[in-house]
Amino acid sequence: MRMGRILPQDFYARDPALVAMNLLGKVLCRVLRGIILAGVIVETEAYYGETDPASRAYRSRGDIAMMLYGDVGRALVYGVHGKWLFNVVAHEPHGSGGVLIRALEPIRGVEMMKKLRKIDDLLKLTNGPGRLTEAMDINKNLHKKPVYLNSSEITIREGRKEENIARSFRIGVTKDLDIPLRFYVKNSRFVSVRA
DNA sequence: CGCCAGATTGACT
DNA sequence: GTCAATCTGGCGG
């Protein structure tokens with residue numbers, strides 16, 4: 001697959017659920033020590049601000065929480081259970097929210113991803129939010145970096161058109177909202193486990 | 001400073 | 001299916 005153009009910042013200036021849905025089929029691109037690692041986004045989740053009990057902005061005023069209210073199109077990287085999770089800040093003007101990238105279909109730099117993950121199985125390389133960050137060496141260094149600039153080590157680009165989009169409730173959250181906010185490519189083998 | 005929840009994963013019965 | 005290792009950010013003292 002040819003590398004598409006980088007999505008502009010205003011792509012992220014919409015409701016997080018809409019952005020999450022529209023990110024399916026787009027390409028997450030990471031430049032690591034001159035090597036390009038890339039994967040098609042096949043699973044995402046939307047999060048809101050203080051109204052969302054699963055959000056990091058729910059009853060919190062820390063740096064992570066405040067970022068959800070800040071500039072759209074920036075990487076929001078933070079740790080849970082010893083893993084790094086990769087999000088992009090996305091919300092309407094004066095709103096709050098972000099999109100968690102939960103799974104990728106690897107398309108470039110597979111050998112390096114296998115090294116970083118210390119496994120060989122292509123299907124288990126990037127099928128989970130903590131797995132894909134390990135496969136692409138995404139960590140605190142990329143926190144707050146814009147994903148819409150050519151100079152960034154992490155960008156999101158045009159990819160393919162996805163047809164079969166499904167949605168479900170978010171995975172792993174203790175308190176969810178009553179609308180399903182997880183989006184995934186229905187017949188992809190690279191979607192994370194559980195449902 | 002100490003404590004601990006948590007948007008997870010991998011190992012195991 | 002169950003379970004615990006994992007470690008950072010945020011908050012209380």
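Each chain gets a letter, A, B and so on, in the order its sequence line appears, and its residues count up from 1. Predicted model, so just to flag it, every value in this text is computed and none were measured.
Listed candidates were dA7(B), dG10(C), dT9(B). Nearest to the side chain of Pro129(A) is dT9(B). Among the nucleotides dT9(B), dG10(B), dC11(C), the one closest to any side-chain atom of Arg117(A) is dG10(B). Counting only heavy atoms from C-beta on, Thr174(A) has its side chain closest to dG6(B) among dT8(B), dG6(B), dG9(C). Checking dT9(B), dA7(B), dT8(C) against the side-chain heavy atoms of Arg131(A) singles out dT9(B) as nearest. Residue Val80(A) places its side chain closer to dA7(B) than to any other of dA7(B), dG9(C), dG10(B).
dG6(B) is paired with dC7(C) under the Watson-Crick or G-U wobble criterion, all donor-acceptor distances under 3.5 Å.
Between the CG atom of Asn139(A) and the P atom of dG9(C) there is a distance of 11 Å, rounded to whole Å. Straight-line distance from the OH atom of Tyr58(A) to the C1' atom of dG6(B): 15 Å, rounded to whole Å. One interatomic measurement links the two molecules: CG of Leu116(A) to C1' of dT9(B), which rounds to 17 Å at whole-angstrom precision. His143(A) places its NE2 atom 8 Å from the P atom of dG10(C), with the value rounded to the nearest Å. Asp120(A) places its CG atom 14 Å from the P atom of dG10(B), with the value rounded to the nearest Å. Rounding to whole angstrom units, CG of residue Leu76(A) and C1' of dA7(B) are separated by 11 Å. One can place CZ of Arg59(A) at 14 Å from P of dA7(B), the figure rounded to the nearest angstrom. Atom CG of Leu68(A) and atom C1' of dA7(B) are 11 Å apart (whole Å).
Contacts of Asn87(A) with the nucleic acid, taken as non-hydrogen atoms under 4.0 Å apart, include base atoms. Nucleic acid contact for Leu100(A): base, since at least one base atom lies under 4.0 Å from a heavy atom of the residue. Here Arg56(A) lies in heavy-atom contact (under 4.0 Å) with a base.
The nearest heavy atom of DNA chain B to Glu45(A) and to Lys124(A) marks one nucleotide each, and the one closer to the 5' end goes with Glu45(A). In terms of position on DNA chain B, the residue among Lys175(A) and Glu134(A) whose nearest nucleotide sits closer to the 5' end is Lys175(A). Each of Tyr78(A) and His81(A) has a nearest nucleotide on DNA chain C; the 5'-most of these lies closest to His81(A).
The side chain of Lys83(A) places no N or O atom within less than 4.0 Å of a non-bridging phosphate oxygen (OP1 or OP2) of dA5(C).
The side-chain tip of Arg56(A) does not point at the ring of Tyr58(A) from less than 6.0 angstrom away and within 45° of straight on. Both tests hold for Arg14(A) against Phe11(A): distance to the six-membered ring centre under 6.0 Å, angle to the ring axis within 45°. Arg157(A) forms no cation-pi arrangement with Tyr148(A), by the criterion of a distance under 6.0 Å to the ring centre and an angle within 45° of the ring axis.
Note that the CZ atom of Arg30(A) and the CE atom of Met112(A) stand 10.0 Å from one another [nearest 0.5 Å].
One side chain, Glu50(A) or Tyr69(A), offers a donor N or O that lies under 3.5 Å from an acceptor on the other. With 3.5 Å as the limit, one finds a donor-acceptor pair spanning the side chains of Ser168(A) and Arg182(A).
Rounded to a whole angstrom, the distance from the C1' atom of dA7(B) to that of dG1(C) is 23 Å.
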